[in-house]
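Note on naming: letters A, B, ... go to the chains in the order of the sequence lines (proteins, then strands), and numbering restarts at 1 for each one. Note that this is a predicted model, so its numbers are computed, not measured.
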Amino acid sequence: MKHLTWLLLIVLSAARAEDVLHLYNWNNYISDDTLKRFEAHCHCRVKQDYYSDNEEMLAKLEAGAVGYDVIVPTGNAVESLVRRGALRELDKSQLSHIANLKPEFRNLWFDPGNRYSVPYATTVTLVGYNVDKMQALGLPTDTWALIFEPKYLEKIRGRVTVLNSQRELMAAAMKYLGYSVQEKDAAKWEEAKRVILRAKPYWATFSNSTYIKDLAIGNIWVAHGYSNDMYRAREDAKAAHRPFSIGFTTPREGAVLAVDNFVLHKSGQRPDLAHRFIDFMLEGGNAADVSNLIGAGNANTAATPYIRSEIAAEEGLFPPPQTLARLEMLRDFEPKMRRTLARMWTEIKVR
Amino acid sequence: MKRSTFWLWVASLATYAFLYIPLAVVVLFSFNDSVLNAQWVGFTTRWYAKLMGDGEMLRAAGNSVLIALLSSTIATVLGAMAGLAMHRYHFRFLPLLVLTPVAMPEILLGVSLLLFFRQVLDLTLGFLSILVAHITFSIGFVAVIVRARLAGMDESIFEAARDLGATPWATFSRITLPLILPALVAGFLMSFTLSIDDFVITFFVAGVGVSTLPLQIYSMIKVAVTPEVNAVSTLLMALTLTLIFLASRFAPDVLKGKA
Amino acid sequence: MSDVRAQPADLTKWVVTLPPTAFLLFFFLAPALIVVVASFREPGEFGGLAPWPALSLDAFGFLSSDVIYLEIFVRSFFVALLTTLTCIVLAYPLAWLIARSPAKRRDLLVLLVILPFASNFLVRIYAWIMLLGPVGLLYTPFAVIIGMVYVHLPFMILPLYTNLEKHDPALLEAAQDLGANAWTSFWRVTFPLSLPGVFSGSALVFIPVLGMFAVPELLGGTGDILIGNLIKAQFLEDRDWPLGSALSIMLTLAVLALAGAMAWAARRGLHGTEAVT
């Protein structure tokens, strides 16, 4: 028994001594291929944990998740992490490829001068759907009305999922009402809540990640979710020869644009590996993977030549200028507003 | 009478079917040659092969086993003491302290330990926090088993030993320990099973980089459901099955007593 | 040394009692008290708790000002009740059958009840995701109840069986000799006698169901949020620890009240059976 304990301790300490990069990332946001190449490049191991909502990630960090080297928060979460003092400043001298960033992704409002963050990829929160079903039922697919209007929902009752994210779902309703997602007037959010409550009886469930599979299998016909996940659902359905296809469109009323960034958490033990990782991901060929394999928009100029033309032409993934003008980013709120919105969210969940 | 027995069998078989069919489906579909796993496509063992090459999964399994071994060893020692104390000395607070963690909904223990580790101890969540949490919820189970074993015994042998001049340690090692050994083994196996299966409490107190099998399964169910989930479930089932079998050999009454 | 010899019994007493007591005081009672303290604090700007000395009744005020939290409690109790009743209905015939089987077969039948325990409870939930998805029942309240029942059923069967096993068959024969049919003798004799088993099984099902968050989260639809989900959300999504702590305290109080009520009911049930015998 004593020997066994020693053996275990040795194994344990060996595991500690290994070079490990702790990455806290969205699920379905970096391909295994890319990770394997980086692991070979740095002779280290990447340990990845997943989240499916910024709020979840922030809460986990506050709840004592210590030791993540690299996190991939969306703009508003970067802002909040910076104010919190939770991030380590980037050492640009270790990021030889930082010039590859597209000009429009530098100096964004949440981090002037890119002191803490390097934009990685973009997604649009939109509507994905089963093309065959929508055609058969004669439903419009380019509007939030598809998930909020009872007259459409009647035909797809129990076949719709929406994001289990207070911020995203309420933002979609705000957009549908023609309001800004950064609105500070609680009364307008109340209105959004009512739109959601009216539509809720028709929805199957709130889902942040399982909708990929549910769409691909055919359990679900319409899903509110991220463009890269819809892309994945479409490809999965194709690969499994499902008798239908999946499509996705940015609603004409506008939607939420997410710019997701690499940042270094202060509690990370390996800023050296973290910088190497970010620099590796800034190289054109590697940066292109997130578009080619994951189906997300790209923040990297050097990646452009590597991105397959059919992906680059996808409007849901790379919004054309006229769509881009209707997209908005989320911003963080202060605690009182957070509790008010959390309260509305609870009501949405319960009623 | 005959007719009522017939219906009793029908109802019972239906309940057994209810218990077993879902698990049979999980096992069956671990051999399904389809990523989406929505319908049966063909037989394969590739998910097991993939599992064996999945570094994260193996590390999580290693963590689970290590935590289960350590926590059940410590919980067995502390639980045995608690069981003895509850049997011999009638402190009123002790049963309450030992049994409440067992009776509470798990989420309450998880939340309170999270708060305690973070706000009071300022401990980095990880291996140690999971270990402590598992010991905390296991002690009660061991204590109950040990006390049940002692309750069935004749106190006079202990008195006889004392009368014959045995030191407390001699009484313990020569008489008490051999007598409660089956209960200790059963308690150990029970804590091991509880630890390796625990999800709720671990979910709250696990930190970065230390994952366990149930946490890994949860993440797979939430994020990327492939038949690999079925494969790991099947293997975990086989492991726990073995342990339960062993536990029932050492103390047949334990499993009934627990519930 | 002579000191130790002088009072060996006392020494043993403390050697045996202290370690587990100290451990549990530190890692169970202290954390529980911290939850109470946390519920009177204010949420930090980024999460966690605001710095001292901000103390307030905000969290409780927020809870009591709002009927919605009460609704979730009521709903959770309803789900727990429905789960418990379903478990009783499913467990009773099986427990009775096992109790009336020949001793040899009995162990096998009990083992067959325990074996599904060998699967992780997430696996048992996942099994129902696989089964209910294709038939369109996933993400419904029905799925939640089925999942809850499935996870907790053995906790009902085993205590019921343990109770029924002790019944004297002569009682039933006596009832039948007195002209009662199977149905009457069941309701008049067996069922009242089995009440303690029903109560302890109910406690083992009802209480865990109250705090369960994984089943509604994975199987439930848009309306299936229970206390457990609400507590989890405060800590791991909404960053409102004081509110989460206040909810935990409400749940603790509810469980304690329930446990008290059950103990009382069990005692009464016992008296009832004494009257019958």
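Comparing B:Thr234, B:Leu84, B:Asn230, B:Thr242 by heavy-atom pairs within less than 4.5 Å of chain C, the highest count is held by B:Asn230. Interface check for chain C: of the options B:Arg118, B:Met81, B:Arg88, the most heavy-atom pairs under 4.5 Å are formed by B:Met81. Each of C:Pro93, C:Ala91, C:Pro134 has some count of heavy-atom pairs under 4.5 Å with chain B, and the biggest count is that of C:Pro93. Chain B forms the most heavy-atom pairs under 4.5 Å with one residue out of C:Leu236, C:Val15, C:Leu18, C:Asn181, and that residue is C:Leu236. The choice from C:Leu256, C:Ile227, C:Leu251, C:Leu210 that makes the most heavy-atom pairs within less than 4.5 Å of chain B is C:Leu251. Ranked by heavy-atom pairs shorter than 4.5 Å toward chain C, the options B:Ala24, B:Ala238, B:Ala82, B:Ala11 are led by B:Ala82. Here C:Ile207 is the residue among C:Ile146, C:Ile207, C:Ile98, C:Val209 with the most heavy-atom pairs under 4.5 Å with chain B. The greatest number of non-hydrogen atom pairs below 4.5 Å with chain B, out of C:Val123, C:Leu131, C:Ile249, C:Leu112, is found for C:Leu112.
Residues B:Tyr20 and C:Leu115 have side chains in contact (heavy-atom distance under 4.5 Å, counting atoms from C-beta outward). The closest side-chain heavy-atom distance from B:Leu8 to C:Arg100 is below 4.5 Å. Side-chain contact between C:Arg124 and B:Leu23 is present, with at least one heavy-atom pair separated by less than 4.5 Å. Annotation: side chain of C:Trp14 is not in contact with side chain of B:Tyr89 (no heavy-atom distance under 4.5 Å).
Both the backbone and the side chain of C:Val35 come within less than 4.5 Å of a heavy atom of chain B. Residue B:Phe29 touches chain C through its side chain alone, counting heavy-atom pairs closer than 4.5 Å. Looking at B:Leu121, only its side chain comes within 4.5 Å of chain C, counting heavy atoms on both sides. Using a 4.5 Å cut-off between heavy atoms, B:Val132 contacts chain C through both its backbone and its side chain. For C:Ala38, the part sitting under 4.5 Å from any heavy atom of chain B is the side chain, from C-beta outward, and nothing else. Looking at C:Glu217, only its side chain comes within 4.5 Å of chain B, counting heavy atoms on both sides. Neither the backbone nor the side chain of C:Leu247 has a heavy atom closer than 4.5 Å to any heavy atom of chain B. Looking at C:Leu153, only its side chain comes within 4.5 Å of chain B, counting heavy atoms on both sides. Interface residue C:Tyr150: backbone and side-chain heavy atoms are both found under 4.5 Å from chain B. Proximity to chain B (any heavy atom under 4.5 Å) is restricted, for C:Ser245, to the side chain, taken from C-beta onward. For chain B, no part of C:Ile125 is nearby; none of its heavy atoms comes within less than 4.5 Å. In this structure, no portion of C:Leu33 lies under 4.5 Å from any heavy atom of chain B. Neither the backbone nor the side chain of B:Arg162 comes within less than 4.5 Å of any heavy atom of chain C.
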Exercise. Given the rule in the ring pair (Phe, Tyr, Trp, His ring centres under 6.0 Å) test, do C:Phe213 and B:Phe203 qualify, once you have shown the distances and angles that lead to the verdict?
Worked result: CA-CA 11 Å; C:Phe213 69 85; B:Phe203 182 69; 5.6 Å; yes
Note to self: Pair B:Ile217, C:Tyr126 - check side chain to side chain contact (heavy atoms under 4.5 Å, CB included), show working.
What the structure shows: CA-CA 9 Å; B:Ile217 292 177; C:Tyr126 173 61; over 6 Å; no
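In terms of heavy-atom proximity, B:Ile139 sits nearest to C:Phe23 at CD1-CD2, 3.7 Å. Taking every heavy atom of both residues into account, C:Ser119 and B:Asp197 meet most closely at O-OD2, 4.1 Å. Listed here is the closest heavy atom pair of B:Leu78 and C:Pro20: O-CB, 3.5 Å. Closest heavy-atom contact between C:Asn120 and B:Ile196: ND2-O, 4.5 Å. The minimum heavy-atom distance linking C:Thr17 with B:Ala85 is given by the pair OG1-CB, 3.8 Å. Closest heavy-atom contact between B:Pro168 and C:Thr12: CB-OG1, 3.5 Å.
The line from CE of C:Met130 to CD1 of B:Ile221 is 11.0 Å long, rounded to the nearest 0.5 Å. Distance check: C:Leu122 CG to B:Leu236 CG gives 10.0 Å after rounding to the nearest 0.5 Å.
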Under 3.5 Å, side-chain donor or acceptor atoms of residues 90-115 of chain B against the rest of the protein: list the pairs with distances, not counting sequence neighbours.
from	atom 1	to	atom 2	distance (Å)
B:Thr100	OG1	B:Leu96	O	2.2
B:Ser112	OG	B:Leu108	O	3.2
B:Ser112	OG	B:Leu109	O	3.1

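Using cut-offs of 30° and 60° on the angle between ring planes, the pair B:Phe199 and C:Phe121 is tilted.
Taking the six-membered ring wherever Trp is involved, the centroid distance between the rings of B:Phe18 and C:Trp128 falls below 6.0 Å. The aromatic ring centroids of C:Phe26 and B:Phe116 lie less than 6.0 Å from each other.
In this structure, B:Tyr16 contributes its side chain and C:Leu94 its backbone to no donor-acceptor pair below 3.5 Å.
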